[in-house]
Amino acid sequence: MAEGRIAVIGTGYVGLTSGTCLAHLGHEVVCGDVDPDKVERMSRGEVPIFEDGLQELMTEGIESGRLTFVHGAEKAAEGAKYIFLCLPTPDGGDGRADLRIVHQVVAEIGPLLDPGAVLVTKSTVPVGTAKQITATLARDDVAVVSNPEFLQEGTAVKNFMNPDRVVVGSDDRAAAEAVAKLYDGLTTSSGKPVTMLITSAESSELIKYASNAFLAMKLSFINSIAGLAEVVGADVHEIAGGMGLDDRIGPKFLRAGPGWGGSCFPKDTKALAAIALDYSVPFPLLDATTIANEQAQERVTDRIREAAGGDLAGVPIALWGLTFKAGTDDLRDSPALEVALRLDTERAQLRGYDPTVKADLPPKNGYPAVPVAADPYAAAEGARVVVLLTEWPEFADIDIARVAQVAPGAVIVDARNLLDAQQVLDAGLRLVPLGRKG
Ligand code: UGA
């Protein structure tokens with residue numbers, strides 16, 4: 001076990017998952033957060049987010065005494081050897097990441113760090129941030145290391161324990177190696193030892209953005225192919241299957257849908273475009289990736305409008321799934337809400353259902369209010385169009401006959417291609433899939 005305590009500053013899904021998993025690996029971890037209520041709840045073992053497998057590991061960490069929670073960054077950082085910054089880096093409004101919180105925390109904890117401490121940026125930060133932090137810190141005895149996270153919401157614990165790779169970037173090779181060592185013993189999902197990639201801080205910072213933007217581009221690509229497939233009479237699943245068999249392409253991240261969303265892809269794709277612009281490097285693919293995503297959302301809206309007969313005003317529409325993907329309760333930048341916004345603008349009457357959303361959604365972040373029903377059938381009651389927007393597995397097992405009873409004559413627009421076309425037809429309803437013939 002590495003010598004020295006770990007501090008994790010910020011307990012969002014990245015900080016909490018990383019801290020909890022590091023404690024599971026045997027490290028002593030203190031997590032600090034600005035929200036005293038949250039700290040109190042986490043200290044009691046309450047998990048503030050919906051993340052598979054986190055509860056068990058958090059309970060284990062607390063009971064073993066290796067995982068504790070404190071109020072404030074200073075308390076967590078004092079006496080720690082490794083300080084992981086897991087802080088929000090939101091879109092500053094111009095596409096650029098807003099680093100104010102990161103710099104504020106560095107200013108706060110910088111003077112009280114022990115000599116030999118290693119400050120680790122885990123939040124997604126623009127190229128040059130490690131250097132900037134080094135300059136702000138103005139301490140020769142503290143190293144700064146970039147160690148980006150590649151956790152997916154909903155499978156974050158699994159991703160942490162079985163990563164494809166661990167990337168650590170710094171000018172200080174010894175500090176980078178020490179951080180890589182914290183992950184000793186991890187294996188990939190196929191049981192192989194994990195590659196520990198040590199790079200410069202700049203490369204490490206860019207690896208994170210490049211990975212997210214590349215995946216977003218792959219999704220935008222397949223979503224555009226879905227649009228083309230619909231027109232030429234091809235099937236996007238067959239196309240994705242055929243493409244994915246090429247080892248160089250791979251089968252993952254080729255599921256067509258209503259566009260990609262969440263707290264990372266939209267923000268990071270725009271932030272990388274802004275970085276390229278700042279350095280005067282033409283990178284049109286990034287803008288095109290975002291534009292194609294908006295087109296995917298438009299295309300789903302078009303299918304819904306057609307299903308409603310051309311005019312959405314006053315049409316009762318059920319939205320199945322509101323989160324940005326299955327396996328999370330996160331609504332940030334959700335494609336489902338993007339589609340809801342477009343439908344609301346055309347004055348459709350919306351009613352939603354999502355297994356993780358228990359209360360009506362108020363208008364928020366530019367998205368409209370959405371009344372939320374207790375189950376998918378209640379949401380569908382009286383609807384003329386039912387739209388499947390998030391790939392929750394329970395929708396694949398839906399009782400279509402029951403849907404036909406509560407919404408006779410409804411059209412089902414399946415934006416995730418989860419439903420069985422024959423079953424829908426047998427129930428007397430019409431199915432509009434995505435990127436293939438109905
Ligand atoms: C993403 C990356 O996948 C992680 O590697 C990264 O660490 C994380 O961002 C981050 O930067 O923190 P996440 O935001 O949890 O993870 O979501 P994804 O699972 O990547 O899904 C993103 C969006 O793509 C969702 O809207 C999802 O529905 C959509 N998607 C994904 C598809 O439409 N089709 C697919 O085949 C896969």
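Every number for a ligand or one of its atoms is a count from 1 in the order of the listing. Heavy atoms only: backbone and side chains are in, while hydrogens, waters and symmetry mates are out.
Contacts between Val14 and ligand 1 below 4.0 angstrom, taking non-hydrogen atoms only, are absent altogether. Heavy atoms of Arg416 found under 4.0 angstrom from ligand 1 belong exclusively to the side chain. Contacts with ligand 1 closer than 4.0 Å are made by backbone heavy atoms (N, CA, C, O) of Leu254 only, the side chain lying farther away.
Residue Gln152 has at least one heavy-atom neighbour below 4.0 Å for each of these atoms of ligand 1: 3 (O), 4 (C), 15 (O), 16 (O), 18 (P), 19 (O), 20 (O). The contact set between ligand 1 and Lys208, taken as ligand atoms under 4.0 Å from a residue heavy atom, comprises 6 (C), 7 (O), 10 (C), 11 (O), 12 (O). Within the listing of ligand 1, atoms 7 (O), 10 (C), 11 (O), 12 (O) sit less than 4.0 angstrom from a heavy atom of Glu149. Contact atoms of ligand 1 toward Glu153: 15 (O) (distance under 4.0 Å to a heavy atom of the residue).
Taking the ring axis of Phe150 as reference, the NZ or CZ atom of Arg165 stays within 45° of it and closer than 6.0 Å to the ring centre.
A tilted orientation is assigned to the rings of Tyr183 and Phe160, their planes being inclined by 30° to 60°.
Ligand 1 has no atom lying under 4.0 Å from any heavy atom of Gly257.
Looking from atom 26 (O) of ligand 1 to the surrounding protein, the closest heavy atom is Phe324 O, 2.8 Å. With respect to atom 4 (C) of ligand 1, the closest heavy atom belonging to the protein is Leu151 O, 3.5 Å. Protein heavy atom nearest atom 1 (C) of ligand 1, with residue, atom name and distance: Phe265 CE1, 3.5 Å. Distance from atom 21 (O) of ligand 1 to its nearest protein heavy atom, with residue and atom name: Lys325 CD, 3.9 Å. Considering only non-hydrogen protein atoms, atom 5 (O) of ligand 1 sits nearest to Phe150 O, 3.5 Å. Considering only non-hydrogen protein atoms, atom 29 (C) of ligand 1 sits nearest to Leu219 CD1, 3.9 Å. Scanning all protein heavy atoms for the shortest distance to atom 10 (C) of ligand 1 gives Cys264 SG, 2.9 Å. Protein heavy atom closest to atom 34 (N) of ligand 1, with residue, atom name and distance, is Arg255 O, 2.8 Å.
With respect to Glu230 and Arg299, no salt bridge is recorded, no charged nitrogen being found less than 4.0 Å from a carboxylate O. Remark: Glu346 does not engage Arg342 in a salt bridge, criterion side-chain N to carboxylate O under 4.0 Å. A salt bridge does not link Arg303 with Glu298: every distance from a Lys NZ or Arg NE/NH1/NH2 to an Asp or Glu carboxylate oxygen is 4.0 Å or more. Taking a cutoff of 4.0 Å between a charged side-chain nitrogen and a carboxylate oxygen, Glu177 and Lys181 do not qualify as a salt bridge.
Here's the thing with Gly261: one of its N/O atoms is less than 3.5 angstrom from an N/O atom of ligand 1. In terms of polar-atom proximity, defined here as any N/O pair under 3.5 Å, Ala256 makes no such contact with ligand 1.
Taking only non-hydrogen atoms, the option from Tyr209, Phe253, Tyr13, Trp260 nearest to atom 20 (O) of ligand 1 is Phe253.
Closest approach of Ser220 and Thr289 over heavy atoms only: OG-O, 2.7 Å.
The closest donor-acceptor contact from the side chain of Lys122 to the backbone of Asn147 lies under 3.5 Å.
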Fill in: Test side-chain contact (heavy atoms from CB on, under 4.5 Å) applied to Val413 and Val385, step by step
CA-CA 7 Å; Val413 176; Val385 186; 3.8 Å; yes
Worksheet entry | Residues Val145, Asp172; criterion side-chain contact (heavy atoms from CB on, under 4.5 Å); working and verdict | CA-CA 8 Å; Val145 168; Asp172 185 331; 5.7 Å; no
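Taking the centre of each ring, Tyr377 and Tyr353 stay at or above the 6.0 Å mark.
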